[in-house]
Amino acid sequence: MKLLLKKIIDTPGISALIILILILLAFQIYTGGLFFNPYNIELILTIWPELGIVVIGVVILMIAREFDLSVGSTFALSPMLMQYLFAHTPLNPWSTIFLGLAAAALVGLVNGMLTIYKRIPSFIVTLGMLFIVRSIVVALVTRHDKADEFPMDFFIYDFGLIRASFIWFIGITLILGYVLHRTNFGNWIYATGGQTEAAQNMGIPVNKVKIGCFMLCSVLSGFAGIIQSFRAGGFVLPNLGTGMELEVIAAAVVGGTALFGGYGSVLGALVGALLIRTIDNGFIMSRVPIEYFRTALGLMIIGAVLVNTDLQRWAQGIRAGNNSDKKDT
Amino acid sequence: MSSISKNNNNSSVIMEGKNLNKWYKGIHALKNVSFELGEKEVVGLVGDNGAGKSTLIKILSGAHRQDEGQIFFQGNEVSLSSPRDSMNLGIETIYQYTALVPQMSIARNIFIGREPVLFRLGPIAYIDYKKMGIEALEALRNVGFELRSPDTPIDELSGGERQGVTIARAMYFKTKVMILDEPTNHLSIKETNKVLGWVEDLKHQGITAIFITHNLHHVYPIADKLIVLSRGEKIADIKKEDTSIEELTNLIV
Ligand SMILES: Nc1ncnc2c1ncn2[C@@H]1O[C@H](COP(=O)(O)OP(=O)(O)OP(=O)(O)O)[C@@H](O)[C@H]1O
Ligand SMILES: [Mg+2]
């Protein structure tokens, strides 16, 4: 029984899930039952994937022990380049979507190469890229009135309660969840982030693994940006996604991802993203001033880390206790 | 080519280094070192700080390349340009601090980079977890290492238990030459004895072991032969019967 408890606590993201449920209940009570109305649930299910897809990428990268602060800029780059190419070249919409994502992959490649081969900490490299990519986004600002020629339904079709983006989100979650937790590549990501030298000594191509994670993270950001731009009717504002990097790291941390690599889960990413989006929305519903939202967010980030470390210590205590029991008998 | 020569100890040579040299930015870290490793032999590699022990084993494990010299494995010259090359030949290296990933389970650690596969989609392979758990347990039992579940994360194990996992891993993958870098450093006396017992058992399983240490008292009782390095040079290569701890201590200092 205690071991089962330990196993549950040991799963990254579980404590965030518990906090999420408590917060949802609190909002429901506080708003006098208004929180769980169909309109609000629909709204949350619309905005959750757009953040969640980015958080999954960042969590996987953090498990590999690297950061990406440029996700907000990449989030804008893909849709902006897509619109730019569509307006200024004869390319069809699908090709421009593809090239938008390819540009995101290139950003990830540059992030990875500079981090690994020039040995600049990814925190710095991607901080630089945050500004560089944003300036490219601004330079590409495009206006045209043919936005409805894009296959938007494919990404955001409104089914009622959910949109197509939610199905994409589930698909991405399942695939990356399997890759991370059930395949050799996932095992290598954890090993690379947990103890790079050990992974290298066991013959794992740690540089390729990390660069792969950087590229994945960027492509997911660009993809989420395209979804959000379609939901906005195909228009891309030059400030799309600004400040997102902080929200994303907040979600990752709240979801139990370690800052020093080797620990985290896709479940944690999902819950972390949902938690950020829910309290955001819950506070608006409760007509609480925005400052309180920021306070709550700040407390939650610090609280989540405290709770996670405490729970883990406690879990280790259970383990140690059990162990000494065995030795005594 | 160099042959599988019989040496006077009537055990055949499994691995051989010839005139190995290595420079690090002007430092001559390994000077013309040659050696032979017999089958089922425990070789103590000793020497003061900076003597070149780690440099030598990094070359044998494929982590670094020699600048000059040749390496022979089972009579054939080999080129070891990555840890994978060495592992594929059956040369497994256990680094003191960087052999295991602390956050990962025992089972996952045993199979890092060699995961049992259920099916494959391009380069990505779905891990056979059931097999991994069963085989991990089996691997641990083979070294007489009765542990808790193979799902236990490494950072919950003691230093000696960690060495046990690395040895179990090397045995499971049918290693022929096992290189242990200071495996008894920072271990309690009890745990040191346990690790020494495992290394001695390797011999009975047909495995050659290179045991690197600062502490002659650890390696002497279980060694068949001792190689002493000093400032990059091999200054002794001697069977245990022909020497004593006192003599070796004087050589090293
Ligand atoms: N990567 C490196 N770059 C530059 N010099 C190095 C490097 N690795 C080792 N050296 C130098 O090579 C020499 C041999 O070092 P090595 O690590 O092989 O010694 P060692 O016998 O393992 O010592 P210790 O007992 O302290 O582990 C030393 O002078 C060391 O400073
Ligand atoms: Mg050394």
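The sequence lines fix the lettering, A, B, ..., with proteins before strands; numbering per chain opens at 1.
- The parts of B/I112 that come within reach of chain A are both its backbone and its side chain, each placing non-hydrogen atoms under 4.5 angstrom from that chain.
- Closest non-hydrogen pair, B/V101 versus A/A198, comes out as CG2-CB, 4.2 Å.
- Here B/E115 contributes atom CD and A/T183 contributes atom OG1; the two are 8.5 Å apart, rounded to the nearest 0.5 Å.
- If you measure heavy-atom distances from B/Y129 to chain A, the contacts under 4.5 Å come from the side chain alone.
- Contacts of B/P123 with chain A are made by backbone atoms alone, with heavy-atom separations under 4.5 Å and no side-chain atom involved.
- The main-chain N or O of B/A99 is never found under 3.5 Å from a side-chain atom of A/N201 such that the two would form a donor-acceptor pair.
- Taking CD1 of B/I124 as the reference point, atom CG of A/N184 lies at 7.0 Å (rounded to 0.5 Å).
- With a 6.0 Å radius and a threshold of 12 heavy atoms from other residues, nucleotides or ligands, A/F98 has its CZ atom at or below the threshold.
- A/Y178 OH: 12 or fewer foreign heavy atoms inside a 6.0 Å radius.
- Other residues, nucleotides and ligands contribute at most 12 non-hydrogen atoms within 6.0 Å of the NZ atom of B/K40.
- Note that CG of B/N109 is 9.5 Å distant from CD of A/Q195, once rounded to the nearest 0.5 Å.
- Only one option out of A/E197, A/M202, A/Q200 pairs with B/T98 in a side-chain contact (heavy atoms from CB on, under 4.5 Å); it is A/E197.
- Once rounded to the nearest 0.5 Å, the distance linking OH of A/Y263 with CE of B/M104 reads 13.5 Å.
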